[in-house]
Amino acid sequence: MSQFITFEGPDGSGKSTIANLVYDELLKRNIRVIKTREPGGTKIGEKIRDIILDTENKEMDMRTEALLYAASRAQHTFEKIIPALEDGVNVICERYVLSSLAYQGAARGQKIKDIKSINNFATGMKKPDVVFVFKTNRDTLERKDSKDYDRLEEESRDFHKKVRDFYNNLEKEENFYFIDANKSIEEVFRDCMKVLEEKGDL
Ligand code: TYD
């Protein structure tokens, strides 16, 4: 059965790099797979992404922000993710609902219950089979030049610490796989592949 695999964690924790490596590895093994990301992943979603991340949009209310992420996710889920899975194609996705709980919930200080409920509506309760949660004890945003920051990256260190703490303190759920992102890229890649191999189903 095709698998819906998501990568979650703070900005700069290496999710994209590892998602790319896992994607390439699955292709090499002749496993049908697509790779996508949030916010974005569809034509409409990429337009929503531009609005959300535009540093000019300083007046954006945090409710608007939460709803735009959820809107991008709804389009992505129903236009791209579910059809691919139904077609027997595995889906690797950078960020999904957990990112909204971390950023719009924990870091912005909105009620987790509210963020969950708009996302339940947006996704029709679709849940990933595998959620890789990258945990790190470093301020990973430092890896990027601050003049290239988007609207979320421009937030304070305290905001990003809340994001990091949220991921670091998550309680294990059945589809959560905690990954020590302090390790080298090779090790993190191997740890992720091991989870997928042991789970089977690809
Ligand atoms: P991402 O594409 O991971 O950032 P980048 O391309 O710069 O590596 O995500 C963009 C930003 O959006 C990132 O700071 C995390 C944030 N985000 C949320 O706040 N909520 C969400 O639901 C998602 C998916 C992302």
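Computed from heavy atoms alone, side chains included, the values below leave out hydrogens, waters and symmetry copies. Whatever order the structure lists ligands and atoms in, that order sets their numbers, starting from 1.
Under the side chain to side chain donor-acceptor pair (under 3.5 Å) criterion, N119 pairs with R73, not counting sequence neighbours. With sequence neighbours left out, the side-chain contact (heavy atoms from CB on, under 4.5 Å) criterion links M1 to Q3. Judged as a salt bridge (Lys or Arg N to Asp or Glu O under 4.0 Å), and not counting sequence neighbours, the contacts of R151 are E65.
Between the side chains of D11 and Y103, at least one donor-acceptor pair of N or O atoms lies under 3.5 Å.
The 4.0 Å heavy-atom shell around ligand 1 contains residues D11, E38, P39, R49, L53, Y69, R73, R95, S99, S100, Y103, Q104, K144, D150, L152, E153, ordered by chain and number.
Closest non-hydrogen pair, A84 versus I34, comes out as CB-CD1, 3.9 Å. Of all non-hydrogen atoms in K172 and E174, the two that sit nearest each other are NZ-O, 3.7 Å.
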